[in-house]
Amino acid sequence: MKAFTLVCTSLAMAISSIAHGAEIDISHIQRLGPVIQLTATPLSKSAQADALRANLVTNLVAKLAVNVVEGSGLKKSNSIQVFNQQLTWQAASSTVEGEGWLAYQLPVSTHRFTQGTLTVKGLDNPQVYVNGQLVKSANEVTLNLTNGDYQVLVLADGQQKEVPFSLDWQGKSDVDQLDFTQQKSQRVSAQQLFDAKVINSLTLSPNGQYLLQSTIEYQASQGDTAIEVSELRKVSDNSVMYRWQDNRPSSAVWSGDSKQLAFVANKQIQLLNVAELTIQVVASDIDNVSGLHWYGDSVLFNWEKPFKADEKATSKRFRALEDRWSGWRNNSQIYQLDVASGFIRQLTDNKISSSILDASVDNGTLLLTRSPVDYAQPAHGLTQLVELSLNVLTETVIGQYRSFSSALYTDDGMYITAGPRFMDGVGIQDKTIEVNDYDGQLYWRDGKGNVSALSKDFTPAIGSMTKLENDDVILTVTEGDRSPLYLFDKSKQRFSRIDSGVDMVDYFSVAIEPSAPTIVFAGTSGTAPQKTFKMTLNSSGKQLLFDSQQQSYANTRFGDIQDFDFTNKHGHNIDGRVYLPADFDVSKKYPALVYYYGGTSPVGRHFTGRWPFNLWAAQGYVVYVLQPNGATGYGQAFSGRHVNAWGKYSAEDIIEGTNAFLDAHDFVDPKRVGNMGASYGGFMTMYLATKTDIFAASMSHAGISNLSSYWGHGWWGYGYSGVASRGSFPWNNPELYVEQSPLYHADKITTPLLLIHGNADTNVPVGESHYMYTALKLLGKEVELVEFNGQNHHINTRHARFGWWDTTMAWFDLKLKDQPEWWNSLYPETTEQQ
């Protein structure tokens, strides 16, 4: 056992002379107080003690963060005004003159999972906080710290007269050592990545003067409940004009003259008058309304009627494969609200739900879609594109398509987005190659119904589209591992990339009215947190509107990110990138983690998300992310290798790429390399385990082990397989369904495998992990199965997300760092049957 004792002597030291060594030094502990403001009762004795101290600590931690950013360590003046008393963080001492509450702060860093006991001596009623969160109110507090940087703060009513102040650290074992060096910045934490405020919606007025902006953030005190705020802002100076926190607006849409904002809130359709900042309720008691569109002086919307099952029913007869989807029996139709009178008329009445795509006031028509049940051809779904004449309420079916995403009117036709097979393959670049219908394409349909492919020779995969007044369109695309915006110039038939300065555009909105349209967008890059900018189209100048870096990561350091591509044995360029630890030392040997695509989408350069590459790097791993064959955004031939392959090409690329990565990076230990993936990537992880022993440990989240069972049981299994296994079924291609299923080759697996699954997963049912777990257990292989209760395909709630991240990294610490302590603390061994 190794004990560290922090005993604060009466030696006074100036803040400017703090030592920054690994050795414990009195200058590492700072004291604030005693605060002598009179109070009716000590902090811990108040009826509101918890709230009082939590509020106090929140403000103290915020002040410390600002001082660390502005100064070097704590060298700058960092005084705090408490009522009329000026206080300064100063070197601690064993005794204190005067009475009143005290605060002590201590920087702590760990370089592995660290456990031990912090003992507080000489203080009355101490409370120990780590990074602003209460651990315990006690003299002895158990700390379990993951690899990272922390600020420990102790709050107390006062100092005991008979006992000198001290802090003692007792590690659970010899490895449980703390570093008390004051850091100028901190490595990124899981809490930062999940909790930080980010933009999650942008709606710009047509004239570009006003912006409806929504944000989301989390606080530990609120648990899994998000703090969501919507604000109406004046774009010119970014000032707030109106703010919602309760009953926030949804389905918000601007009137054409930018004078009114229509939205849904509190089971009402409401209108905000921008000039007067007043709200008018124009429709009440209209639950389940969405998809608002202005149509002249009226508002179109979808109104859904939920299906109500017989409460006495003890069984359910399925009507279709889609009947496994929750809400499929609900019916949604289109209505029109006359704003002036409040009168609402129903525009569609169909057994199949109708959805609005676009409307043309000039033509008096509305574009809508319906999806009838039709399994005749892959992908076993059908979309009807329908035009509705609002004057006579007659419908014309424009077409029925197996591959379709969206459509927008223009003055002389319409734009359509769909897969390459749209209209009998008019978008296929090369008829000799297999194509992937998840690879989005842009089409033009003229007034006579003739369809032409606009993006056949355009490599990026097209997502959403927004039409400008001159009929040009702004497109979201997947371009390799980036998601930029592109402009399609209709007159020149040309695509041009919009210079946003970020790798991934998360949200954007366009003011279509000005001659030079204004764009507001929020985006991130590989190691750069979210920012929101305003820019004019075709201009490189940008106005910063929101900066998550400054708000949430100002004193955070990140490692470098480097590109690493290689050419595979077939001559294909395989895109990749490498994340280095924050405190990278080229002379060291690091463990590495390899991650790859799921579904058919590449792994984008998002700053954070469900797969926090920056966090893994901060915890001492080199992270290699690659985009094997099958991913969209690299051209039709590349994405087409996803179809009817189920890992054949992708596994080759991952194995070959990992070897190339190891050859090129001698600071990575080739014996300590792990891999992981989710969904299709989880399938890839299991499949790779049957093909190679290059990895020392693997993790599959929500992976597919048996293609037939996923095809038949997953909510979207048959539809996804209609693209990924186009034309192949268990009865006509059993070789594909058996030979590419990892379950049937479980006996070949030698790599320790962690299986993680939400037990409420409807996309990839939890049985997919159970099949593999059963096989490997019977085979005597090393396998772990961890289920997350109540979680679906994605682990989204705050508490569960942290548990999921911890489980993943504890597994790799166990297997790649020979550090079992974290895993054992999460999942201790027991002799009891559980």
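The analysis underlying the following values was restricted to heavy atoms, covering all of them including side chains, and did not include hydrogens, waters or symmetry mates.
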> Given Thr556 and Gln192, is the side chain to side chain donor-acceptor pair (under 3.5 Å) satisfied, shown in steps?
Replying inline: CA-CA 10 Å; Thr556 305; Gln192 281 178 290; 2.8 Å; yes
> Using the benzene-type ring in the case of Trp, are the ring centres of Tyr486 and Phe495 under 6.0 Å apart?
Replying inline: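 Ring-ring flag for Tyr486/Phe495: false, centres at least 6.0 Å apart.
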> Who are the salt bridge (charged side-chain N to carboxylate O under 4.0 Å, His left out) partners of Asp503, not counting sequence neighbours?
Replying inline: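 So Asp503 forms a salt bridge (charged side-chain N to carboxylate O under 4.0 Å, His left out) with Arg482.
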> Residues in salt bridge (charged side-chain N to carboxylate O under 4.0 Å, His left out) with Asp195, at least two apart?
Replying inline: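 Asp195 satisfies salt bridge (charged side-chain N to carboxylate O under 4.0 Å, His left out) with Arg798 once adjacent residues are dropped.
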> If you take all heavy atoms of Asp439 and Ser639, which pair is closest and at what distance?
Replying inline: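 Smallest heavy-atom distance, with atoms named: OD2-OG, 2.7 Å.
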>> Testing Leu212, Val253, Leu272 one by one against Phe263 for a side chain to side chain contact (heavy atoms under 4.5 Å, CB included), which residue passes?
In response: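 With Phe263 as partner, Leu212, Val253, Leu272 yield a single side chain to side chain contact (heavy atoms under 4.5 Å, CB included), made by Leu272.
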> Between Tyr596, Phe812, Tyr624, which is the residue that forms a side chain to side chain contact (heavy atoms under 4.5 Å, CB included) with Asn675?
Replying inline: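 So, applying the side chain to side chain contact (heavy atoms under 4.5 Å, CB included) to Asn675 and each of Tyr596, Phe812, Tyr624, only Tyr596 qualifies.
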> Step by step, would you call Gln213 with Thr215 a side chain to side chain contact (heavy atoms under 4.5 Å, CB included)?
Replying inline: CA-CA 7 Å; Gln213 168 185 295; Thr215 61; 4.0 Å; yes
>> Would Phe564 and His665 count as a ring pair (Phe, Tyr, Trp, His ring centres under 6.0 Å) here? Give the steps.
In response: CA-CA 10 Å; Phe564 178 74; His665 300 87; 5.1 Å; yes
Between [atom1] on residue [X] and [atom2] on residue [Y], distance to nearest 0.5 Å:
X: Leu814; Y: Glu821; atom1: CG; atom2: CD; result: 9.5 Å
X: Leu202; Y: Ile519; atom1: CG; atom2: CD1; result: 12.0 Å
X: Trp823; Y: Leu826; atom1: CH2; atom2: CG; result: 7.5 Å
X: Gln819; Y: Asn147; atom1: CD; atom2: CG; result: 8.0 Å

Looking at [Y], is its backbone amide N or carbonyl O close enough to the side chain of [X] to form a donor-acceptor pair, meaning the two atoms are under 3.5 Å apart?
X: Gln530; Y: Ile199; result: yes
X: Arg605; Y: Ser525; result: no
X: Thr476; Y: Leu485; result: no
X: Asp560; Y: Leu580; result: no
X: Ser698; Y: Thr685; result: no
X: Ser825; Y: Trp822; result: yes

>> Under the criterion side chain to side chain donor-acceptor pair (under 3.5 Å), I'd like the reasoning laid out for Gln151 against Tyr129: C-alpha separation, chi angles, the key distance, then a yes or no.
In response: CA-CA 8 Å; Gln151 203 74 28; Tyr129 297 80; over 6 Å; no
Flag side-chain contact, heavy atom, 4.5 Å: [X] against [Y]:
X: Val578; Y: Ile561; value: no
X: Phe584; Y: Phe667; value: yes
X: Ile756; Y: Ser700; value: no
X: Leu468; Y: Ile474; value: yes
X: Tyr597; Y: Leu626; value: no
X: Met684; Y: Ile654; value: yes
X: Asp506; Y: Thr524; value: yes
X: Leu143; Y: Val130; value: yes

Taking side-chain contact (heavy atoms from CB on, under 4.5 Å) as the definition, give me every residue that meets it alongside [X], ordered by chain and number, with sequence neighbours left out.
X: Ala103; result: Leu32, Leu60, Trp89, Trp101, Leu155
X: Val274; result: Tyr210, Met241, Trp254
X: Asp585; result: Ser587, Lys588, Tyr590
X: Ser601; result: none

>> Determine whether Ser258 and Gln209 satisfy the following criterion, side chain to side chain donor-acceptor pair (under 3.5 Å), listing intermediate values before the conclusion.
In response: CA-CA 8 Å; Ser258 300; Gln209 295 180 18; over 6 Å; no
Table please: side-chain donor-acceptor pairs of residues 608-615 below 3.5 Å, with sequence neighbours left out.
unit_1: Trp611; atom_1: NE1; unit_2: Tyr595; atom_2: OH; d: 3.2
unit_1: Asn614; atom_1: ND2; unit_2: Gly526; atom_2: O; d: 3.0
unit_1: Asn614; atom_1: ND2; unit_2: Phe607; atom_2: O; d: 3.1

Would you mind listing every salt bridge (charged side-chain N to carboxylate O under 4.0 Å, His left out) that reaches into [range], with sequence neighbours excluded?
range: residues 222-233; result: Glu228-Arg248, Glu231-Arg233, Glu231-Arg243
range: residues 531-558; result: Asp149-Arg557, Lys531-Asp547, Arg557-Asp583
range: residues 204-219; result: Lys197-Glu217

> Does a side chain donor of either Gln619 or Thr146 reach within less than 3.5 Å of an acceptor in the other side chain?
Replying inline: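 Result is no, nothing qualifies.
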> Does Thr203 have any side chain to side chain donor-acceptor pair (under 3.5 Å) partners at least two apart in sequence or in another chain, and if so, which?
Replying inline: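 Thr203: no side chain to side chain donor-acceptor pair (under 3.5 Å) contacts found.
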>> Run the salt bridge (charged side-chain N to carboxylate O under 4.0 Å, His left out) test on Asp813 and Arg112 for me, step by step, so that the C-alpha distance in whole Å, both residues' side-chain angles and the decisive distance to 0.1 Å come before the verdict.
In response: CA-CA 8 Å; Asp813 275 9; Arg112 57 177 294 151; over 6 Å; no
>> One pair to check against ring pair (Phe, Tyr, Trp, His ring centres under 6.0 Å): Trp804 and Phe802. What are the steps and the verdict?
In response: CA-CA 5 Å; Trp804 175 46; Phe802 292 154; over 10 Å; no
>> Tell me which pairs pass ring-ring contact (aromatic ring centres under 6.0 Å, His included) where either residue lies in residues 526-551, with sequence neighbours left out.
In response: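 Pairs touching residues 526-551 that pass the test: Phe521-Phe533.
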>> Please determine whether side chain to side chain donor-acceptor pair (under 3.5 Å) holds for the pair Asp575 and Tyr634, giving the CA-CA distance in whole Å, both sets of side-chain angles, and the decisive distance to 0.1 Å.
In response: CA-CA 9 Å; Asp575 189 11; Tyr634 294 94; 2.7 Å; yes
